[in-house]
**Student:** 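The structure under discussion is supplied below as structure tokens; questions concerning it will follow.
All residue numbers refer to positions in the sequence shown, counting from 1.
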Amino acid sequence: MDRRSMLRTTVVGAGAMALPFTAWSAAYAAPAQNATGPYGPLQSANSHGIQLPAGFTSQIVARSRQAVPGTSYVWHDAPDGGAVFADDSGWIYVSNSEVGPSAGGGASRIAFDATGAVVGASRILSGTDTNCAGGRTPWHTWLSCEEVSRGRVWETYPFGGTAVARPAMGRFKHEAAAADPVRRVIYLTEDETDGRFYRFVPATWGDLSAGTLQVLVAGSATSGPFTWANVPDPDGSPTLTRRQVSGAKAFNGGEGCHYADDTVWFTTKGDNRVWQVNLASGTYELAYDDSLVSPGSAPLTGVDNITGSGSGDLYVAEDGGNMEICVITPDDTISVFLRITGQSGSEITGPAFTPAGDRLYFSSQRGTSGSSSGGITYCVTGPFRT
């Protein structure tokens with residue numbers, strides 16, 4: 001029996017029913033299945049090469065190695081993970097640069113006014129190594145994560161201030177972070193084929209300089225209960241963090257991470273899955289698996305960055321695949337929201353919504369050139385469900 005058939009038998013055939021996200025803490029659910037999307041079919045590609053549903057439009061916000069329009073600031077190479085921060089007169093979009101320190105690794109910001117016009121751009125982190133994804137905090141800082149062995153988390157300040165390394169959050173191949181203000185912890189993914197899922201418990205909420213790094217401990221199944229165990233040596237030397245705790249559950253290539261409503265979702269690119277951790281019930285399960293999609297072929301492959309909207313929809317970007325952002329709805333359906341054409345050598349990164357929920361920012365990391373110098377950052381505007 002192949003992997004697709006076996007997983008369908010064990011997960012779907014066990015009698016699980018598709019339930020809304022709000023009910024998933026009470027019972028295991030079947031992963032999301034194909035359905036007509038909430039916005040209807042994609043239209044023909046527009047002038048930017050993007051296929052969108054009717055009523056949505058796109059614009060190019062910035063291009064790597066070119067000045068951000070309206071400013072003198074040159075946008076960084078290989079734009080990756082991103083987030084939006086509200087300010088008094090508009091918002092700020094923050095984006096990582098996934099290149100080495102000599103090539104300009106770090107993070108930048110673009111400031112917008114209330115109409116969405118660019119009013120400024122600048123660097124907020126420099127000289128760091130392969131900053132892939134990250135996460136925003138409730139105190140309005142951006143956690144920029146280095147995706148290298150024994151990489152660091154850097155706390156950066158989009159509204160002004162000097163970036164600071166946070167080694168207490170662990171030295172490993174960091175990918176993404178998501179803050180949980182209820183439990184006062186930060187969840188962290190690790191991009192290794194045998195990566196782990198962590199949480200950092202600060203000694204004082206709002207101060208990441210000290211605290212306890214913990215790792216998720218669970219069985220080998222795709223659903224079940226879990227616990228947290230302390231990582232003895234967050235520095236990861238000489239023993240890597242993922243190998244310090246017996247029973248820590250391995251995940252194949254941790255990528256994006258998103259928290260909302262007592263739930264944290266994270267993606268694993270190595271097996272094209274979206275995982276759901278139900279924090280109130282202390283259980284985990286699959287929200288999506290490309291081997292469990294029926295009927296038809298799986299729309300989402302190369303599973304990568306993830307974000308959520310005010311309606312509870314999850315938006316998942318592809319690294320490779322056919323350059324799509326897919327939407328998983330609260331009633332367990334999955335469909336394609338947009339597709340970028342003519343950029344097969346790239347990946348979609350950094351999806352993030354504005355506070356009003358009517359604009360979605362994201363990047364094509366290598367654009368049409370397939371090179372880190374060809375990155376393009378976009379904004380899509382339209383009638384998103386809020």
**Student:** Indicate the atoms forming the closest heavy-atom contact of P351 with F362, along with that distance.
**Tutor:** CA-CB, 4.0 Å
**Student:** Any luck finding a side-chain donor-acceptor pair between Y361 and W91 under 3.5 Å?
**Tutor:** yes
**Student:** Got D271 and F251 here, is their nearest side-chain heavy-atom distance under 4.5 Å?
**Tutor:**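 When only atoms from C-beta onward are counted, F251 and D271 do not touch, as no gap falls below 4.5 Å.
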**Student:** Given E192, which partner from the list R242, R243, R150 fulfils the salt bridge (charged side-chain N to carboxylate O under 4.0 Å, His left out) test?
**Tutor:** R242
**Student:** Can you find a heavy atom in the side chain of L143 that is under 4.5 Å from one in the side chain of M169?
**Tutor:** yes
**Student:** Using only heavy-atom distances, determine whether the side chains of T283 and N278 contain a donor-acceptor pair under 3.5 Å.
**Tutor:** yes
**Student:** Between atom NE2 of H174 and atom OG of S149, what is the distance when rounded to the nearest 0.5 Å?
**Tutor:** 10.5 Å
**Student:** Determine whether a donor-acceptor pair (N or O, by modelled atom type, separation under 3.5 Å) exists between the side chain of D191 and the backbone of K173.
**Tutor:** no
**Student:** Is it the case that the ring center of Y93 lies less than 6.0 angstrom away from the ring center of F112?
**Tutor:** no
**Student:** Parallel, tilted or perpendicular, judged at 30° and 60°: which one describes the rings of Y284 and W275?
**Tutor:**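 Tilted, since the angle between the ring planes falls between 30° and 60°.
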**Student:** Looking at S346 and Q343, would you say the former's side chain and the latter's main chain have a donor-acceptor pair under 3.5 Å?
**Tutor:** no
**Student:** Does T268 reach the side chain of E255, with side-chain heavy atoms less than 4.5 Å apart?
**Tutor:** no
**Student:** Should S372 and V99 count as side-chain neighbours, where that means a heavy-atom distance under 4.5 Å?
**Tutor:** yes
**Student:** Hydrophobic clusters here meaning ILVMFWY residues chained together by side-chain heavy-atom distances under 4.5 Å, can you tell me if I334 and Y315 are in one?
**Tutor:**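 Different clusters: I334 never reaches Y315 through Ile, Leu, Val, Met, Phe, Trp or Tyr contacts under 4.5 Å.
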**Student:** Would you find a donor on one side and an acceptor on the other, under 3.5 Å apart, between the side chain of Q244 and the backbone of V231?
**Tutor:**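 Such a contact is absent between Q244 side chain and V231 backbone.
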**Student:** For side chain to side chain contact (heavy atoms under 4.5 Å, CB included), just list the numbers for T239 and D233, CA-CA rounded to whole Å, side-chain angles, deciding distance to a tenth of an Å, and then say yes or no.
**Tutor:** CA-CA 8 Å; T239 303; D233 179 18; over 6 Å; no
**Student:** Would you say the side chain of N96 lies within less than 4.5 Å of the side chain of C145, judging by non-hydrogen atoms?
**Tutor:**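 Not in contact.
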**Student:** Distance only, no hydrogens: is a donor on one side chain within 3.5 Å (strictly under) of an acceptor on the other, for W75 and S108?
**Tutor:** no
**Student:** Between I328 and T333, is the side chain to side chain contact (heavy atoms under 4.5 Å, CB included) condition met? List the steps.
**Tutor:** CA-CA 6 Å; I328 301 176; T333 68; over 6 Å; no
**Student:** Spell out, yes or no, whether F226 and V182 are grouped together once hydrophobic residues are joined by side-chain heavy atoms under 4.5 Å, including indirect joins.
**Tutor:** yes
**Student:** Would a distance-only check, ignoring hydrogens and angles, find a side-chain to backbone donor-acceptor pair under 3.5 Å from K249 to G219?
**Tutor:**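 Flag set: sc K249 to bb G219 pair under 3.5 Å.
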**Student:** Mind checking the NE2-OG1 spacing from H48 to T341? Nearest 0.5 Å is all I need.
**Tutor:**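 That separation rounds to 11.5 Å.
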**Student:** Consider only side-chain N and O atoms of Q51 and Q43, and report whether a donor and an acceptor are under 3.5 Å apart.
**Tutor:** no
**Student:** With a 4.0 Å cut-off on N to O distance, would you call D304 and K269 a salt bridge?
**Tutor:** yes
**Student:** Report the relative orientation of the aromatic rings in F384 and F353; use parallel for angles under 30°, tilted for 30 to 60°, perpendicular for over 60°.
**Tutor:** perpendicular
**Student:** Just checking R385: does its CZ atom have more than 12 heavy atoms from other residues, nucleotides or ligands closer to it than 6.0 angstrom?
**Tutor:**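 Counting other residues, nucleotides and ligands, CZ of R385 exceeds 12 neighbours.
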**Student:** What I'd like to find out is whether the side chain of L286 reaches to under 4.5 Å of the side chain of L292, using heavy atoms alone.
**Tutor:** yes
**Student:** Mind checking what makes salt bridge (charged side-chain N to carboxylate O under 4.0 Å, His left out) contact with D207, not counting sequence neighbours?
**Tutor:** none
**Student:** Under 3.5 Å, is there a donor-acceptor pair between the Q33 and D332 side chains?
**Tutor:**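 No, because no side-chain N or O of Q33 sits under 3.5 Å from a partner of the opposite role on D332.
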**Student:** Looking only at side-chain N and O atoms, does S237 offer a donor or acceptor that is under 3.5 Å from a partner on D235?
**Tutor:**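 No, no side-chain donor-acceptor pair sits under 3.5 Å.
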**Student:** Suppose we call two aromatic rings close when their centres sit under 6.0 Å apart. Are F200 and Y187 close by that rule?
**Tutor:**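 No, they do not, as the ring centres are separated by 6.0 Å or more.
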**Student:** Under the salt bridge (Lys or Arg N to Asp or Glu O under 4.0 Å) rule, what do E324 and R339 come out as? Steps first, then yes or no, please.
**Tutor:** CA-CA 4 Å; E324 294 174 342; R339 180 182 301 120; 2.7 Å; yes
**Student:** Is a salt bridge present between E190 and R196, judged by a nitrogen-to-oxygen distance below 4.0 Å?
**Tutor:** no
**Student:** Can you find a heavy atom in the side chain of R366 that is under 4.5 Å from one in the side chain of E347?
**Tutor:**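 Yes - at least one pair of side-chain heavy atoms lies under 4.5 Å apart.
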**Student:** Are I306 and V293 grouped together when hydrophobic residues (ILVMFWY) are joined by side-chain heavy atoms under 4.5 angstrom apart?
**Tutor:**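 Linked, I306 and V293 end up in one cluster.
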**Student:** What closest approach, in Å, do A352 and G82 show between heavy atoms, and which atom pair accounts for it?
**Tutor:** CB-O, 4.1 Å
**Student:** Does a side chain donor of either R123 or Y73 reach within less than 3.5 Å of an acceptor in the other side chain?
**Tutor:** yes
**Student:** Which heavy atom in P138 sits nearest to a heavy atom in A179, and how many Å separate them?
**Tutor:**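 For P138 and A179, the tightest heavy-atom pair comes out as CD-CB, 3.6 Å.
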**Student:** Counting N and O atoms only, with roles assigned by atom type, does the side chain of T377 sit under 3.5 Å from a partner on the main chain of V61, one being a donor and the other an acceptor?
**Tutor:**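 No; zero donor-acceptor contacts below 3.5 Å.
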**Student:** If two hydrophobic side chains count as joined below 4.5 Å and joins carry through other members, does L188 share a cluster with V245?
**Tutor:**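 Yes, one cluster joins them.
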**Student:** With side chain to side chain contact (heavy atoms under 4.5 Å, CB included) as the criterion, how do T267 and V316 come out once you've worked through the C-alpha distance, each side chain's angles and the decisive distance to 0.1 Å?
**Tutor:** CA-CA 9 Å; T267 64; V316 189; 4.3 Å; yes
**Student:** Side chains of W154 and T156: donor-acceptor distance under 3.5 Å anywhere?
**Tutor:**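 T156 and W154 do not have a side-chain donor-acceptor pair below 3.5 Å.
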**Student:** For the residue pair H140 and F159, categorise the inter-ring angle as parallel (less than 30°), tilted (30 to 60°) or perpendicular (more than 60°).
**Tutor:**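 Answer is perpendicular, since the angle exceeds 60°.
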**Student:** To the closest 0.5 Å, what do you measure between OG1 (T128) and CD (E98)?
**Tutor:** 11.5 Å
**Student:** So does T189 get a backbone contact from the side chain of E175, meaning a donor-acceptor N/O pair under 3.5 Å?
**Tutor:**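 Looks like no, no N/O pair under 3.5 Å.
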**Student:** Which pair of non-hydrogen atoms, one from W205 and one from P181, has the smallest distance, and what is that distance?
**Tutor:** CZ2-CA, 3.8 Å
**Student:** Less than 4.0 angstrom from a charged side-chain N to a carboxylate O is my criterion; do R199 and D180 meet it?
**Tutor:** no
**Student:** When clusters are formed by joining ILVMFWY residues with side-chain heavy atoms under 4.5 Å apart, either directly or through shared neighbours, do I325 and V303 land in the same one?
**Tutor:**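 They do not share one cluster, since no chain of ILVMFWY contacts under 4.5 Å joins I325 to V303.
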**Student:** Within a radius of less than 6.0 Å around CG of D261, do more than 12 heavy atoms belonging to other residues, nucleotides or ligands occur?
**Tutor:** no
**Student:** Indicate whether the side chain of S373 and that of S64 have a donor and an acceptor atom separated by less than 3.5 Å.
**Tutor:** no
**Student:** Which value, rounded to the nearest 0.5 Å, describes the distance between I50 atom CD1 and M323 atom CE?
**Tutor:** 9.0 Å
**Student:** When rounded to the nearest 0.5 angstrom, what distance separates OG in S363 from CD1 in I60?
**Tutor:** 11.0 Å
**Student:** Starting from the C-alpha separation in whole Å, work towards a yes-or-no answer on side chain to side chain contact (heavy atoms under 4.5 Å, CB included) for T141 and R136.
**Tutor:** CA-CA 6 Å; T141 62; R136 52 170 296 168; over 6 Å; no
**Student:** Determine whether a donor-acceptor pair (N or O, by modelled atom type, separation under 3.5 Å) exists between the side chain of N34 and the backbone of P295.
**Tutor:** yes
**Student:** Looking only at side chains, do E146 and N131 share a donor and an acceptor under 3.5 Å apart?
**Tutor:**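 There is no such pair (donor and acceptor under 3.5 Å, judged by atom type) between the side chains of E146 and N131.
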**Student:** To the closest 0.5 Å, what do you measure between NE2 (H258) and OG1 (T263)?
**Tutor:**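 Interatomic distance, H258 NE2 to T263 OG1, rounded to 0.5 Å: 9.5 Å.
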**Student:** Under a 4.0 Å N-O cut-off, is there an ion pair linking D290 with R273?
**Tutor:** no
**Student:** Are any of the side-chain heavy atoms of R183 and D262 separated by less than 4.5 Å?
**Tutor:**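 Heavy-atom side-chain distance check passes, below 4.5 Å.
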**Student:** Say whether, by atom type as modelled, one donor and one acceptor occur between the side chain of D289 and the main chain of S291 under 3.5 angstrom.
**Tutor:** yes
